[in-house]
Amino acid sequence: IVLQKELNWQKLGLWQGFAAGFMLSVSVVDLVPSVLRESSSMTFSASMFLAGSFFFVVLKKALPDPDLIAPLRSFVQLTGNHPMLPMLSSGPEAER
């Protein structure tokens with residue numbers, strides 16, 4: 001990155017993804033031997049790994065994508081209503 005004369009956002013994203021993947025692989029390679037050595041049960045370790053992975057998948061699905069927040073905010077400002085408003089107002093509280 002430092003040696004390139006001109007850097008665009010696509011290259012920067014590519015290099016950031018590479019750096020993140022490299023750091024993640026170093027962490028895994030560093031932690032796996034100690035887990036295998038100190039764990040009483042390989043099944044427990046594997047199940048906790050899968051539980052953590054599932055947790056991050058749920059977080060990814062539950063949290064809004066930052067790229068989608070700005071267009072949604074613009075839509076609400078233009079139209080005055082939120083796309084989820086009909087679903088939110090169709091409960092037992094709406095009948096009161």
Side-chain angles (χ1 to χ4, degrees):
I1 293 175
V2 176
L3 300 176
Q4 294 182 3
K5 293 179 183 179
E6 188 176 315
L7 185 67
N8 60 20
W9 289 107
Q10 187 176 8
K11 285 183 183 177
L12 182 63
L14 179 72
W15 283 109
Q16 284 179 333
F18 174 76
F22 182 76
M23 288 187 285
L24 188 62
S25 66
V26 167
S27 297
V28 168
V29 167
D30 185 46
L31 291 174
V32 166
S34 63
V35 167
L36 293 176
R37 191 172 46 249
E38 297 176 18
S39 177
S40 60
S41 169
M42 185 62 180
T43 306
F44 179 74
S45 299
S47 63
M48 288 297 107
F49 175 79
L50 291 175
S53 300
F54 179 72
F55 175 72
F56 281 111
V57 168
V58 169
L59 277 181
K60 176 71 176 153
K61 296 288 184 184
L63 297 177
D65 189 0
D67 294 336
L68 298 178
I69 292 175
L72 179 61
R73 192 172 289 143
S74 299
F75 175 79
V76 171
Q77 288 173 350
L78 288 174
T79 63
N81 61 2
H82 191 281
M84 296 290 287
L85 197 58
M87 287 185 258
L88 295 175
S89 62
S90 65
E93 297 84 18
E95 296 174 3
R96 293 182 200 166

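No hydrogens, no waters, no symmetry mates; every other heavy atom, side chains included, goes into these values.
In this structure, Leu50 and Phe54 have side chains that are not in contact, with every pair of non-hydrogen atoms separated by 4.5 Å or more.
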Kindly determine whether Ser53 and Phe49 satisfy side-chain contact (heavy atoms from CB on, under 4.5 Å), including the steps that lead there. CA-CA 6 Å; Ser53 300; Phe49 175 79; 3.9 Å; yes

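Below 30°, between 30° and 60°, or above 60°: for Trp15 and Phe18 the angle between ring planes is above 60°, a perpendicular geometry.
In this view, Val28 and Val32 satisfy the side chain to side chain contact (heavy atoms under 4.5 Å, CB included) rule, not counting sequence neighbours.
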